[in-house]
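Heads up: the structure comes next, in structure tokens.
Computed over heavy atoms, backbone and side chain alike; hydrogens, waters and symmetry mates excluded. Fair warning: this is a prediction, and the values are worked out from it, not measured in the lab. Reminder, nothing fancy here: chain letters follow the sequence lines and each chain counts from 1.
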Protein chains: 2
Amino acid sequence: MGDTAPRGEAASERVAAHLRQAILSGEIRPGSRIRQEEIAEQLGASRLPVREALRMLEAEGLTQLEVNKGARVPAFDRAQLDVIYEMRERIETLALRLSLPHLTSAHEAELYRLQDRIEATTDVATFLDLDRQFHLLSYVGCPSGELLASVTRLWNSTQHYRRAFMLHKAEERWMIVNAEHRLLLDAIARRDEVDCERFLSGHIRRTRIQLVDHPEIFDD
Amino acid sequence: MGDTAPRGEAASERVAAHLRQAILSGEIRPGSRIRQEEIAEQLGASRLPVREALRMLEAEGLTQLEVNKGARVPAFDRAQLDVIYEMRERIETLALRLSLPHLTSAHEAELYRLQDRIEATTDVATFLDLDRQFHLLSYVGCPSGELLASVTRLWNSTQHYRRAFMLHKAEERWMIVNAEHRLLLDAIARRDEVDCERFLSGHIRRTRIQLVDHPEIFDD
DNA sequence: CGTAGTAAAAATGGATCCATTCTGGCGGGA
DNA sequence: TCCCGCCAGAATGGATCCATTTTTACTACG
């Protein structure tokens with residue numbers, strides 16, 4: 001290796017972090033195969049921590065491993081993505097409800113700051129990242145690690161299709177998302193459970209409907 | 001090794017199957033540490049497929065791995081289990097709704113047969129196993145693998161606490177569960193989405209409330 | 001010309017060995 | 001007496017090497 005320090009951090013976690021970034025950024029596309037020794041050589045590690053990392057990412061919904069057939073990034077068709085969004089609707093509204101009482105004013109301020117940055121950017125990659133940060137931050141008060149892990153898995157699974165969608169209908173989508181975020185933000189600031197649930201489930205439902213209506217997104 | 005055939009099946013999957021059974025049956029209790037070489041020696045394999053298996057089970061919610069600290073079976077307190085049951089309420093009603101249109105009469109017959117066996121048994125371990133089979137079978141028509149995996153994870157996480165609960169309040173719980181199962185079964189046979197959702201969410205909610213009300217279950 | 005069979009190449013799974021990190025018990029000092 | 005630090009044993013993480021499976025490309029046959 002010679003560049004990064006093996007001290008202090010587990011090699012498998014470094015590999016996992018690298019692959020996680022590569023998959024979420026779209027560098028590695030859904031359906032494509034991930035060759036262990038290719039990654040190992042690329043990161044200056046042996047194949048073993050790579051296998052370990054691929055298993056870690058499997059628990060996060062970012063890879064799928066089959067015996068003797070290697071690892072792939074899972075790909076979804078319209079029907080499958082539709083279900084994932086219905087899961088998001090139910091899981092994330094629960095997460096927000098449980099998070100709401102524990103959100104501090106610091107969290108609130110950070111949410112507003114994130115939304116300002118979302119409205120300021122014109123870059124799709126930045127938008128996707130900030131949008132993800134925005135929602136996940138709103139769940140940060142949630143006292144259940146299991147629930148947060150589920151939410152993260154769902155976001156991981158949808159990441160690629162959100163990007164494909166934004167690349168098509170960016171300008172229109174931008175405005176809708178921002179309007180819905182503002183409504184949600186104010187409901188959060190008011191600690192209004194009912195409005196939070198209403199706005200969030202509506203936000204996810206409308207995204208789902210629009211997303212599934214674009215066949216060109218699913219050209220794999 | 002010398003006893004089991006390494007042919008045809010991956011060693012890591014054999015190890016995973018063994019550990020899965022051991023954890024779900026309560027042989028390995030939540031919170032307890034799982035030593036890699038102990039399992040490896042016990043099953044006549046090296047430590048590598050054991051690590052692999054532990055990672056697989058992590059994706060199923062049956063183990064938790066920490067760097068340099070080994071693997072543990074996750075344990076939950078009352079608040080955490082409460083959240084898991086709220087997730088079950090939302091996720092499983094969705095799974096049943098999506099499964100319902102694809103259930104065949106053969107599935108129905110098998111569900112009735114399972115319920116008959118549930119009512120016939122007096123053994124807690126058998127009851128837990130059949131109850132799990134009953135519910136998971138009702139979701140088998142669900143077209144989404146992600147959703148089924150989520151449901152399975154939730155059942156894995158609750159398994160130990162269901163058992164602890166049944167060991168305490170068995171006779172009372174038995175009758176309630178059976179009554180609720182019969183209502184659910186008939187709703188499934190009628191393909192009645194509304195009643196299915198109502199009976200299932202009620203079933204899970206009442207189980208949650210009773211379960212969380214028993215502090216002795218959480219003595220770890 | 002297309003397809004099935006086969007063999008070489010590549011990729012994955014597993015075992016053994018070594019390095020690093022955690023754990024637990026002991027002793028010394030405040 | 002209690003607490004902190006240190007040392008030995010044990011457990012985990014990683015690297016290299018070998019076996020098995022998959023894949024792919026080539027050849028031969030229909």
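- No donor-acceptor contact under 3.5 angstrom links the side chains of A:S32 and A:R29, judged on distance only.
- A:E52 has its CD atom 12 Å from the P atom of D:dT12, to the nearest Å.
- The line from CG of A:L147 to CZ of B:R90 is 9.5 Å long, rounded to the nearest 0.5 Å.
- Within the structure, a side-chain polar atom (N or O) of A:S12 is placed less than 4.0 Å from OP1 or OP2 of D:dG14.
- Rounded to whole angstrom, the span from the CE atom of B:M56 across to the C1' atom of C:dG14 amounts to 12 Å.
- Put simply, CG on B:L43 is 13 Å from P on C:dG14, counting in whole angstrom units.
- Look at A:D131 and A:R162 and you find a salt bridge, because one of the NZ, NE, NH1 or NH2 atoms lies within 4.0 Å of a carboxylate O, short of that distance.
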Report each atom pair, protein N/O against N/O of nucleotides 10-12 of chain C, whose distance is under 3.5 angstrom.
from: C:dA11; atom 1: OP2; to: A:E37; atom 2: OE2; distance (Å): 2.7
from: C:dA11; atom 1: O3'; to: A:R33; atom 2: NH2; distance (Å): 3.4
from: C:dT12; atom 1: OP1; to: A:Q36; atom 2: N; distance (Å): 3.4
from: C:dT12; atom 1: OP2; to: A:Q36; atom 2: N; distance (Å): 3.3

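- The distance between atom CZ of B:R72 and atom P of D:dA11, rounded to the nearest whole Å, is 13 Å.
- Taking atom CZ of A:R55 as the reference point, atom C1' of C:dG14 lies 13 Å away to the nearest angstrom.
- For the 3.5 Å distance criterion, the side chains of B:H135 and B:H181 qualify, holding a donor opposite an acceptor.
- Atom pair A:L54:CG and D:dG14:P shows a separation of 13 Å (rounding to whole Å applied).
- Side-chain contact annotation: B:E92 with B:W155, donor-acceptor N/O pair under 3.5 Å present.
- Rounded to whole Å, the distance from CG on B:L48 to C1' on C:dT16 is 10 Å.
- Remark: B:R55 engages A:E52 in a salt bridge, criterion side-chain N to carboxylate O under 4.0 Å.
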